[in-house]
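Dumping the structure here so I can ask a few things about it.
Just so you know, these numbers use all the heavy atoms, side chains as well, and skip hydrogens, waters and symmetry mates. We number each residue from 1, following the sequence as shown. All values derive from a computational prediction rather than experimental measurement.
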Amino acid sequence: MPTHVKGFLILILLGVTAIFGYKFALPQVRDAWQRSTSDAAGTKPLVIGIDSWVGYFPLCSPEMERRMRAKGYALRCEDDKADYAARFKRLADDELQFAVSTIDAYLLNGEVVDFPASIVAVLDESKGGDAIVARKSEVPTLEALKRKPAARIAYTPGSPSEHLLKAIGIHFDLPQLRQRRG
């Protein structure tokens, strides 16, 4: 292979390596350097398991993050997409310091991991944010739902929506809603 082709290939290889280093390695090095030269080195991690419900925003807002850092904590909120069973398992395994949840979701999912935490704060008092919605042409009334025992209803297992289904199933005598199918 001619010398100028070898030189060109080496130049390309060095360029790709430099781009890779700039894109991936440099941010890591900068972050490590910044942590070692700032007060971030002494912060304690504080990880909260959440989902995307808007009511949890104050816990994970930039203002809360700033205030927690001022008190020596590195706040990080991790959205688990409402996987309550996994959230409480992570709490039991000490991967989370806090987990937000409704009380009914904690009761439905906490028992499996021996209720790994205490309820320390109430964030919200529900005013009926959950609802069962059906296509009028399919289920125009609760009585019509009683006549459709095989009706399929979407919900998040181990969540407030499952609790709502069970409560409505008991209150309105709808056996198909009282059975946990998740």
Side-chain angles (χ1 to χ4, degrees), residues 27 31 40 43-142 144-146 148 150-182:
D31 186 53
T43 59
K44 295 173 264 215
L46 184 63
V47 185
I48 304 175
I50 63 162
D51 50 68
S52 60
W53 182 60
V54 71
Y56 298 148
F57 175 77
L59 286 174
C60 301
S61 68
E63 177 65 16
M64 178 64 86
E65 198 173 322
R66 184 187 67 73
R67 289 178 180 222
M68 293 303 292
R69 183 163 302 281
K71 297 289 184 185
Y73 294 94
L75 176 65
R76 189 173 77 240
C77 293
E78 295 184 357
D79 186 347
D80 59 19
K81 312 291 186 238
D83 186 346
Y84 294 100
R87 186 178 305 170
F88 294 121
K89 170 99 173 66
R90 291 185 67 209
L91 189 63
D93 292 344
D94 292 328
E95 294 174 25
L96 300 174
Q97 285 71 47
F98 292 93
V100 292
S101 169
T102 58
I103 293 170
D104 52 325
Y106 187 53
L107 293 175
L108 287 167
N109 297 281
E111 184 176 20
V112 176
V113 288
D114 197 26
F115 296 105
S118 299
I119 298 170
V120 296
V122 176
L123 303 175
D124 175 58
E125 185 178 322
S126 180
K127 301 293 184 201
D130 293 300
I132 296 177
V133 180
R135 197 175 301 125
K136 267 189 177 180
S137 61
E138 296 290 322
V139 184
T141 66
L142 280 175
L145 183 58
K146 286 181 182 180
K148 287 188 166 248
R152 291 178 29 173
I153 299 174
Y155 67 97
T156 303
S159 76
S161 61
E162 180 180 358
H163 180 76
L164 176 66
L165 282 179
K166 288 180 178 182
I168 288 175
I170 291 167
H171 187 76
F172 293 104
D173 191 29
L174 294 161
Q176 70 267 39
L177 298 184
R178 291 193 303 253
Q179 308 305 315
R180 182 174 181 164
R181 298 173 298 233

**Request:** Determine, for Lys89 against Glu95, whether the closest basic-nitrogen to carboxylate-oxygen distance falls under 4.0 angstrom.
**Result:**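 A salt bridge is absent here (no side-chain N lies under 4.0 Å from a carboxylate O).
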**Message:** Check Arg90 with Asp80, please: is the shortest side-chain N to carboxylate O separation under 4.0 Å?
**Reply:** no
**Request:** Could you grab the distance from atom CG of Leu96 to atom CZ of Arg76, nearest 0.5 Å is fine?
**Result:**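 Leu96 CG to Arg76 CZ: 9.0 Å, rounded to 0.5 Å.
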**Request:** Using modelled atom types only, decide if a donor and an acceptor are shared between the side chain of Arg69 and the backbone of Leu75 within a distance under 3.5 Å.
**Result:**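 Looks like no, no N/O pair under 3.5 Å.
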**Prompt:** When rounded to the nearest 0.5 angstrom, what distance separates OG in Ser61 from CZ in Arg67?
**Reply:** 8.5 Å
**Request:** Taking the side chain as every heavy atom from C-beta outward, state whether Val120 and Phe98 have any pair of such atoms under 4.5 Å apart.
**Result:** yes
**Prompt:** At what distance, to the nearest 0.5 angstrom, does OG of Ser101 lie from CD1 of Ile50?
**Reply:**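 With rounding to 0.5 Å, OG (Ser101) is 13.0 Å from CD1 (Ile50).
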**Message:** Minimum heavy-atom separation for Pro157 and Tyr84, please, with both atom names.
**Reply:** O-CD1, 4.3 Å
**Prompt:** Should we say atom CD of Glu111 is surrounded by more than 12 heavy atoms from elsewhere, each under 6.0 Å from it?
**Reply:** no
**Request:** For the pair Lys166 and Glu162, find out whether any cationic side-chain nitrogen is under 4.0 Å from an anionic carboxylate oxygen.
**Result:** yes
**Message:** Could you check whether any side-chain N or O of Asn109 sits under 3.5 Å from a backbone N or O of Gly158, counting only pairs where one atom can act as donor and the other as acceptor?
**Reply:**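 Yes, the answer is positive, given that a donor and an acceptor are paired below the 3.5 Å cut-off.
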**Message:** Using 0.5 Å steps for rounding, measure from the CG atom of Leu91 to the CG atom of Asp94.
**Reply:**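 Spacing of CG (Leu91) from CG (Asp94) equals 8.0 Å.
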**Request:** Show the numbers, then the answer: is there a side chain to side chain contact (heavy atoms under 4.5 Å, CB included) between Arg87 and Val100?
**Result:** CA-CA 9 Å; Arg87 186 178 305 170; Val100 292; 4.2 Å; yes
**Item:** Gap separating the CG atom of Leu46 from the SG atom of Cys77, nearest 0.5 angstrom
**Value:** 8.0 Å
**Request:** Look only at the side chain of Thr43 and the backbone of Gly72, and say whether a donor-acceptor pair between them is shorter than 3.5 Å.
**Result:** no
**Prompt:** Would the number of heavy atoms belonging to other residues, nucleotides or ligands and lying under 6.0 Å from CG of Leu142 be above 12?
**Reply:** yes
**Request:** Show your reasoning for whether side chain to side chain contact (heavy atoms under 4.5 Å, CB included) applies to Leu145 and Leu177.
**Result:** CA-CA 10 Å; Leu145 183 58; Leu177 298 184; 4.3 Å; yes
**Asked** What heavy-atom pair brings Leu108 and Ser159 nearest, and what distance separates the two atoms?
**Response** CD1-O, 4.0 Å
**Item:** Taking every non-hydrogen atom, the tightest pair across Gly110 and Phe88
**Value:**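 Closest approach of Gly110 to Phe88, heavy atoms only: N-CD1, 4.4 Å.
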**Item:** Spacing of CD belonging to Gln176 relative to CZ belonging to Arg152, to within rounding of 0.5 Å
**Value:**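 Rounded to the nearest 0.5 Å, the CD-CZ separation comes out at 14.5 Å.
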**Exam field: side chain Glu78 to backbone Gly49, donor-acceptor pair closer than 3.5 Å** =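 It does not hold such a pair.
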**Prompt:** Taking the six-membered ring for Trp, are the ring centroids of Tyr106 and Phe115 within less than 6.0 Å of each other?
**Reply:**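 Yes: the rings meet the under 6.0 Å criterion.
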**Prompt:** Can you check side chain to side chain contact (heavy atoms under 4.5 Å, CB included) on Lys146 and Leu174, steps first, answer last?
**Reply:** CA-CA 6 Å; Lys146 286 181 182 180; Leu174 294 161; 3.0 Å; yes
**Prompt:** Counting N and O atoms only, with roles assigned by atom type, does the side chain of Asp114 sit under 3.5 Å from a partner on the main chain of Pro116, one being a donor and the other an acceptor?
**Reply:** no
